[in-house]
Student: 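Below you will find the structure I want to go over with you.
Numbering of ligands and ligand atoms starts at 1, following listing order. Numbers for residues simply follow the sequence, beginning at 1.
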Amino acid sequence: MDRKKLSHEFKEHFGDTPDFIASAPGRVNLIGEHTDYNDGFVFPVAIDRYIHIVGSKRNDRQVHLHALDVNETCQFSLDTDADTNLPVWSNYLRGVAHLLQDLVLKDLGLMLNGMSALITGDVPIGSGLSSSAALEVASVLSFLSVCGLVVNDTSIDSDHAVESLDIPATKLAALCQRAENEYAGVNCGIMDPTISLLGKSDHALFLDCRSLEYKHVPLYLKDTLLVICNTNVKRELASSEYNKRRAECEKGVEILQKWKPDISSLRDVTLNDLKKYEAELPHITQKRCRYVVEENARVENAVSALTREDLDTFGHLMNASHKGLRDDYEVSCHELDILTEIAQNTDGVLGARMTGAGFGGCTVNLVKKDSVDQFSERVMTEYPKRTKIDPDIYVCNIGDGARIRWNI
Ligand code: GLA
């Protein structure tokens, strides 16, 4: 990020110098997919690709926005319902603003200020790397800044995300999740905004999505790298099928409660319970529940494998996770399966799986450093041959979570 350049762009557009830059990263989930909304475990990392909001406070209740990368400008008032012709990306900011006012500022007797904001970034949009959570997180930090609640350079690495106030990062994450649920219509879980806020370079976040307790686990990748491959397939089914999976899991819990009345989510179901009662579940529900229960166990095993620096076991768990997502949870797609298959048949690849919601987007691969070139070459030639689509490949650096900078 070139701060001077961003400041210049802001001035070109809004005629003044900006006050701050709020930056929030995308993420790649290493294992623990579709477990967050089942109260389970996830294990994501923040990547060193960010959405930046360059902003300044306005003295009225107007929000003026310019999205640099798509060259779109719009504005809305914090006092009235938004005009339905606004671009879709502005819904995330609108959602965050309204929820921040209702859930946080109201209790403090504060009113949200308007702002002028320039938005830009390098998280690939709609690729399953959480560009929308990054936008929500950057938005919440920006609105807190224009209200004077964050006044110094701040990285969100503590339980007190906001200076002088006890607003834990997990509360801000829940607010962003709700914005996505209510303003983008995706019933997503808590993982994406949490890692965007709490990521730490060279660490993965082991998050319990029920208690919201978390641990930063150092990633000793030794002679391997994490490589992300983008199918470049638009995730058209993602939101409708996503909401359907969530409902299927809830149905499983409802049926299983007949025998296990104490359970409230699939997190509470053990592999043994499932074996005992799975015949009572409709076939599809059975597959969905099996996947979630097994995936939760895989996350715990993956964390202990990484802690003892056992990358082979970690790689096997990644492969098993993909198989479950493909066959039981059925959220993969032809192109994700092809990328995974190419990876799993290349020497030096320890593990490969789809990452994120599925139906397109990206795979994450654990690859020996000296095999990365060969692996990339195979993906670049074989994948287009079999799909007629060009992939993108990014070697992933594990970055830090969100931050605000005032000295631009
Ligand atoms: C999307 C959602 C997350 C999570 C993943 C699947 O990224 O936003 O909450 O459910 O899908 O693991």
Student: Provide the number and element of each atom of ligand 1 under 4.0 Å from a heavy atom of Tyr37.
Tutor: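 With Tyr37 as reference, the close atoms of ligand 1 come out as 10 (O).
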Student: Please could you name the atoms of ligand 1 that Asp36 approaches to less than 4.0 Å, counting only its heavy atoms?
Tutor: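 Matching atoms, with element in brackets: 3 (C), 4 (C), 9 (O), 10 (O).
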Student: What do you reckon, does Asp192 have a nitrogen or oxygen under 3.5 Å from a nitrogen or oxygen of ligand 1?
Tutor: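 Min N/O separation from ligand 1 is below 3.5 Å for Asp192.
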Student: Ignoring hydrogens and angles, tell me if any N or O in the side chain of Arg290 forms a donor-acceptor pair with the backbone of Glu278 under 3.5 Å.
Tutor: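 The answer is no, because no donor-acceptor pair under 3.5 Å joins these two groups.
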Student: Can you list the ligand 1 atoms lying under 4.0 Å from a non-hydrogen atom of Gly189?
Tutor: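 By the 4.0 Å cutoff, the relevant atoms are 9 (O).
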Student: What's the shortest heavy-atom distance between Gln344 and Ala352, and which atoms?
Tutor: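 Here Gln344 and Ala352 meet closest at NE2-O, 3.2 Å.
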Student: Quick check against the 3.5 Å criterion: does Glu72 have a side-chain atom that pairs as donor or acceptor with the backbone of Ala67?
Tutor: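 No, Glu72 side chain to Ala67 backbone: no donor-acceptor pair under 3.5 Å.
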Student: For Arg27, counting its heavy atoms only, list the atoms of ligand 1 lying under 4.0 Å from any of them.
Tutor: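 Close to Arg27: 7 (O).
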Student: So, does Asp69 use its side chain to make a donor-acceptor pair with the main chain of Gly121 at under 3.5 Å?
Tutor: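 Present.
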Student: Within ligand 1, which atoms have a heavy atom of Tyr242 less than 4.0 Å away?
Tutor: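 Listed by number with element, the hits are 1 (C), 2 (C), 3 (C), 4 (C), 9 (O), 10 (O), 11 (O).
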Student: Please confirm whether the backbone N or O of Val186 pairs with a side-chain atom of Glu180, one donor and one acceptor, at under 3.5 Å?
Tutor: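 Judged by distance alone, no pair lies under 3.5 Å.
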Student: Which is it for Met354 and ligand 1 at heavy atoms under 4.0 Å: side chain, backbone, both or neither?
Tutor: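 Met354 to ligand 1: no contact under 4.0 Å from either part.
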Student: Going by distance only, is there an N or O of Thr35 that falls short of 3.5 Å from an N or O of ligand 1?
Tutor: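 No: no nitrogen or oxygen of Thr35 is under 3.5 Å from one in ligand 1.
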Student: Any atoms of ligand 1 less than 4.0 Å from a non-hydrogen atom of Ala357? List them with their elements.
Tutor: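 The atoms of ligand 1 under 4.0 Å from a heavy atom of Ala357 are 1 (C), 11 (O).
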Student: Is there a donor-acceptor contact under 3.5 Å from the side chain of Asn296 to the main chain of Phe41?
Tutor: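 Yes; at least one donor-acceptor contact below 3.5 Å.
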Student: Can a donor-acceptor pair be found between the side chains of Ser56 and Asp19 at a distance below 3.5 Å?
Tutor: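 Checked: Ser56/Asp19 side chains show no N/O donor-acceptor pair below 3.5 Å.
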Student: Show which atoms of ligand 1 fall inside a sub-4.0 Å distance from at least one heavy-atom site of Cys188.
Tutor: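 Taking each heavy atom of Cys188 in turn, ligand 1 has 2 (C), 8 (O), 9 (O) under 4.0 Å.
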Student: Report yes or no: do Asn91 and Arg94 form a side-chain donor-acceptor pair below 3.5 Å?
Tutor: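 Yes, side-chain donor-acceptor contact under 3.5 Å.
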Student: Which atoms of ligand 1 sit under 4.0 Å from any heavy atom of Met191?
Tutor: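 Ligand 1 atoms under the 4.0 Å threshold to Met191: 4 (C), 5 (C), 12 (O).
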Student: Any nitrogen or oxygen of His34, side chain or backbone, less than 3.5 Å from one on ligand 1?
Tutor: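 It does: an N or O of His34 is found under 3.5 Å from an N or O of ligand 1.
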